[in-house]
Amino acid sequence: MSIKEIQNDIVDEFSMFDDWMQRYEYMIDLGKSLPLIEAQYKTDDNIIKGCQSKVWVHADLKDNKLVFTADSDAIITKGIIAILIRAFSNQKPKDIMDADTAFIDEIGLKEHLSPTRANGLVSMIKQIKLYAIAYQTQVG
């Protein structure tokens, strides 16, 4: 599936819920299914700067696609990074670099987060894009 198709699926899933308490519960559930980062990558190098809680993200290049793993010490934050990883993992670096993140606004995520969590969300997206830029040079 393309990034846009996955993002549309996520928007559709979030639109099924009537209120934000249900959406938060769904995000927490998504966080529980997050592909967890290996302990060796839970280092300061992989921590997202600008997040209130600790979030680690690691990327590997497999078959010219980036595969992300992550973890967080906060359940909501874990759900947020799970959404991003679902949208961007197993995609080509160039596609990640070119992808827009309007789906975040479509599900209303930013407006329902505290300012520090919203900043953390922006930092997570930025880090995923930076990984894509770094690995794009290896893909050619």
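If you read the sequence from its start, that first residue is 1, and numbering goes on from there. Being a predicted model, the structure only gives us computed values, none of them experimental.
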Notebook entry, point to check: What ring-ring contact (aromatic ring centres under 6.0 Å, His included) pairs are there with at least one residue in residues 80-99, not counting sequence neighbours?
Noted result: none
Next item on the list: Determine the minimum heavy-atom distance between Leu66 and Pro93, stating which atoms define it.
Entry: CG-CG, 4.2 Å
Check: Closest approach of Phe68 and Ser89, non-hydrogen atoms and distance?
Finding: N-OG, 2.9 Å
Item checked: Other cluster members, Val67 - Ile/Leu/Val/Met/Phe/Trp/Tyr, side-chain contacts below 4.5 Å -> none
Item checked: Cluster check Val57, Ile133: I/L/V/M/F/W/Y, side chain < 4.5 angstrom -> no
Next item on the list: Look up atom CD1 in Ile47 and atom CD in Gln127, then write down how far apart they are to the nearest 0.5 Å.
Entry: 11.0 Å
Margin query: Suppose we screen for side-chain contact (heavy atoms from CB on, under 4.5 Å). Which residues come up paired with Thr116, at least two apart in sequence or across chains?
Written below: Gln52, Ser114
Margin query: Under the salt bridge (charged side-chain N to carboxylate O under 4.0 Å, His left out) definition, can you give me all pairs with a residue in residues 51-70, not counting sequence neighbours?
Written below: none
Notebook entry, point to check: Nearest 0.5 Å, what's the CD1-CG distance between Ile81 and Leu84?
Noted result: 5.0 Å
Check: In terms of heavy-atom contacts, does NZ of Lys129 have more than 12 from other residues, nucleotides or ligands at under 6.0 Å?
Finding: yes
Margin query: My understanding is that only residues two or more places apart in sequence, or in another chain, count here; which of them pass side-chain contact (heavy atoms from CB on, under 4.5 Å) with Asp19?
Written below: Met21, Gln22
Margin query: Strictly by side-chain hydrogen bond (donor to acceptor under 3.5 Å, both in side chains), give each pair with a member in residues 66-78 just once, sequence neighbours left out.
Written below: Lys42-Asp71, Ser53-Thr77, Asp71-Lys78, Thr77-Arg117
Margin query: Can you tell me how far apart CD1 (Ile107) and CG (Asp12) are? Round to the nearest 0.5 Å.
Written below: 11.5 Å
Item checked: Where Lys110 and Val122 come nearest, the two heavy atoms and their spacing -> CE-CG2, 4.2 Å
Without placing hydrogens or testing angles, list every side-chain donor-acceptor pair under 3.5 Å for residues 95-106, not counting sequence neighbours.
from, atom 1, to, atom 2, distance (Å)
Asp98, OD1, Lys94, NZ, 3.4
Asp98, OD2, Lys94, NZ, 2.9
Asp100, OD1, Ala102, N, 3.3

Margin query: Taking Ile75 as the starting point, is it possible to reach Phe14 by hopping between hydrophobic residues whose side chains are less than 4.5 Å apart?
Written below: yes
Margin query: I need the full list of salt bridge (charged side-chain N to carboxylate O under 4.0 Å, His left out) pairs touching residues 1-11, with sequence neighbours left out, sorted by first then second residue.
Written below: none
Notebook entry, point to check: Which pairs with one or both residues in residues 36-59 pass ring-ring contact (aromatic ring centres under 6.0 Å, His included), sequence neighbours excluded?
Noted result: Tyr41-His58
Next item on the list: Mind checking the CG-CD spacing from Leu113 to Glu111? Nearest 0.5 Å is all I need.
Entry: 9.5 Å
Note to self: When you group the ILVMFWY residues by side-chain heavy-atom contacts below 4.5 Å and let the links chain together, are Leu61 and Leu130 in the same group?
What the structure shows: no
Checklist line | Shortest non-hydrogen separation from Ala59 to Tyr135 and the atoms involved | finding: O-OH, 3.0 Å
Donor-acceptor contacts, no H, no angles, side chain residues 26-35, under 3.5 Å, sequence neighbours left out:
from, atom 1, to, atom 2, distance (Å)
Tyr26, OH, Glu13, OE1, 2.4
Ser33, OG, Leu30, O, 2.8

Checklist line | side-chain contact (heavy atoms from CB on, under 4.5 Å) involving Ser123 - partner list, sequence neighbours excluded | finding: Ile48
Notebook entry, point to check: Once you round to the nearest 0.5 Å, how far does CD1 of Ile85 lie from CE of Met124?
Noted result: 9.5 Å
Item checked: Minimal non-hydrogen separation, Ile10 against Ala87, with atom names -> CD1-CB, 4.3 Å
Notebook entry, point to check: Residues two or more places apart in sequence or in another chain: which of them pass salt bridge (charged side-chain N to carboxylate O under 4.0 Å, His left out) with Lys126?
Noted result: none
Next item on the list: Quick one: closest heavy-atom pair of Ile76 and Tyr24, and the distance?
Entry: CD1-CD2, 3.7 Å
Checklist line | Atom pair NZ/CG of Lys49 and Asn119 - distance to nearest 0.5 Å | finding: 15.5 Å
